[in-house]
Amino acid sequence: MTTKMIRAIEGTRDYFAEDGARLSLAYTQAEAVFGRYAYKRMHTPVFEATALFARGIGEATDIVEKEMYTFKPGSDTITLRPEGTAGIVRAYLQHNLHKQGDSLTKLWYAGPMFRRERPQKGRQRQFHQVGIEAIGSADPLLDAEVVAMGIDYYASLGITGIRTRLNSIGCDTASCRQAYREKLRETIRPQLDSFCKSCQNRFERNVLRILDCKNPHCKALVKELPRSHEQLCEPCENDFATVKNTLTTLGLNYELDATLVRGLDYYSKTVFEYTHSALGAQDAIGGGGRYDGLIAELGGPATPAVGFALGVERVMIALDALDIAAPTTGIEAFVIGLGEAGHAKAAELIAQIRALGIVAEMDFGGRSLKSQMRTANKRGARAVLILGEDELANGQVTVKEMRKDGGQKAFPLPEAPAAVAQIVG
Ligand code: HAM
């Protein structure tokens with residue numbers, strides 16, 4: 001009888017070899033780039049109270065309506081985080097970060113997120129994001145800095161061909177977004193039957209989402225609708241002008257896109273998305289915006305904030321399309337121990353070599369000198385150390401330089417690590 005193998009859950013995947021290296025690279029670059037803009041790393045739990053996401057992201061969003069992994073272990077209702085912003089804001093309030101000195105708190109995070117979407121290229125149920133949140137300032141220069149930092153991040157990875165879509169959806173006042181929503185409803189109402197069923201549902205609950213419907217027929221109708229960035233109140237219009245002018249001054253290209261409203265309800269004013277042509281239908285490689293109402297919505301004092309999250313799997317697709325490999329460290333030294341005594345001595349010697357910061361490996365299968373040499377060669381070792389019977393009898397080790405024309409020399413055992421360091425150094 002054969003035992004059935006258990007496979008990974010649909011929409012999740014394993015990362016190893018080249019992809020594993022790219023995932024790590026996405027994280028280390030985040031640390032380097034976001035660090036330059038003075039962001040500090042923050043870690044929050046992978047699961048939170050369901051109410052946090054329902055209130056934070058919005059009841060009428062696709063995420064909250066149908067994509068959350070929600071469990072009821074005992075009396076709690078918890079959800080695997082579908083995104084990072086709500087958890088960061090919860091932590092910011094819980095730990096009174098706003099009372100700790102600076103008026104602006106800059107935080108970055110990285111990790112897995114969970115959404116029960118239909119899996120396809122670039123869309124998974126467990127995916128990874130690197131993201132930032134800048135909490136405590138309404139300055140539109142900060143919006144521009146955040147947009148620019150995302151572009152900087154992609155550039156630092158060597159990803160070319162990033163496009164930045166930009167819009168302003170205004171603030172939630174009677175003279176701005178509320179008036180715009182009404183104007184949209186007035187324009188759509190007489191032709192509502194021509195829109196798809198989802199749009200008809202969105203009409204009362206979340207009329208802005210009609211703007212980014214993917215149905216080609218709706219898309220054509222949307223083109224004729226009033227544009228949000230042309231309906232802003234004066235302060236929002238001024239702020240948006242500053243964001244655009246600053247990006248232009250920085251020499252960064254963007255495209256104004258009136259249909260960009262984002263899939264989460266907490267946004268106000270500036271919203272943006274980065275896209276890349278390698279991604280196909282799911283072309284958003286990252287996105288974000290300002291969310292001045294969220295902190296009050298979650299029980300804190302009214303506090304302006306802006307941030308973004310970048311999809312790591314989508315970054316990996318772009319890297320792959322551009323043939324950009326993540327740097328990997330190969331083996332620098334390989335220690336061959338022959339016979340029982342040689343094998344034991346190899347374990348001792350390799351520890352001394354690694355203590356010098358050298359990447360070293362040995363054989364754990366008791367194989368012949370020839371096959372161990374073959375492995376050392378295949379793994380790209382630059383120095384091979386051989387502990388055979390003769391060497392052991394003399395308290396020595398043979399150190400072989402693997403480059404073409406490289407020689408070999410016997411060293412007293414205590415001198416071998418330094419000799420290896422010279423070869424690989
Ligand atoms: P989001 O647009 O929902 O924003 O997600 C950001 C990015 O995560 C997307 O542009 C995409 O690259 C990636 N992503 C989203 N869903 C999936 C999926 N199922 N599979 C693979 N990648 C995916 C947010 O999450 C906000 N929290 C961003 C933010 C931070 N806004 C302000 N601060």
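Counting convention: from 1, in listed order, for ligands and their atoms alike. Because the structure is predicted, anything quoted here is derived from the model rather than measured. In this chain, residues are counted from 1 in sequence order.
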Around [atom], find the nearest protein heavy atom and jot down its residue, atom name and distance.
| atom | value |
| --- | --- |
| atom 21 (C) of ligand 1 | G122 O, 3.2 Å |
| atom 8 (O) of ligand 1 | Q129 NE2, 3.1 Å |
| atom 13 (C) of ligand 1 | G311 CA, 3.6 Å |
| atom 30 (C) of ligand 1 | T85 OG1, 3.0 Å |
| atom 18 (C) of ligand 1 | F127 CD2, 3.4 Å |
| atom 27 (N) of ligand 1 | E83 OE1, 2.6 Å |
| atom 31 (N) of ligand 1 | Y267 OH, 2.6 Å |
| atom 9 (C) of ligand 1 | A284 O, 4.1 Å |

> Where does the angle between the aromatic ring planes of H229 and F240 fall among parallel (under 30°), tilted (30 to 60°) and perpendicular (over 60°)?
Replying inline: tilted
What part of [X], side chain, backbone, both or neither, has a heavy atom within less than 4.0 angstrom of ligand 1?
| X | result |
| --- | --- |
| R123 | both |
| L264 | side chain |
| Y266 | side chain |
| E133 | side chain |

Do we see a donor-acceptor contact under 3.5 Å between the side chains of [X] and [Y]?
| X | Y | result |
| --- | --- | --- |
| R123 | Q120 | yes |
| T249 | T246 | no |
| Y266 | T85 | yes |
| D143 | T270 | yes |
| D139 | S137 | no |

> Is Q124 close to ligand 1, meaning an N/O of one under 3.5 Å from an N/O of the other?
Replying inline: yes
> When the aromatic ring centroids of Y15 and H128 are compared, is their separation below 6.0 Å?
Replying inline: yes
>> Taking the ring of F272 and the ring of Y274, is the distance between their centroids below 6.0 Å?
In response: yes
> Any idea which of H128, R262, E67, R118 brings a heavy atom closest to atom 4 (O) of ligand 1?
Replying inline: R262
> Please walk me through it: do Y37 and D152 pass side chain to side chain contact (heavy atoms under 4.5 Å, CB included)?
Replying inline: CA-CA 11 Å; Y37 291 75; D152 199 358; 2.7 Å; yes
> Can you list every pair that meets side-chain hydrogen bond (donor to acceptor under 3.5 Å, both in side chains) and has a residue in residues 205-220, with sequence neighbours left out?
Replying inline: E65-R205, N206-D265, R209-D212
> Would you say L184 and E186 make side-chain contact, with heavy atoms under 4.5 Å?
Replying inline: no
Taking only heavy atoms of [X] into account, list the atoms of ligand 1 that are under 4.0 Å away from them.
| X | answer |
| --- | --- |
| I285 | 10 (O), 12 (O) |
| G288 | 31 (N) |
| G286 | 10 (O), 12 (O) |
| Y291 | 32 (C), 33 (N) |

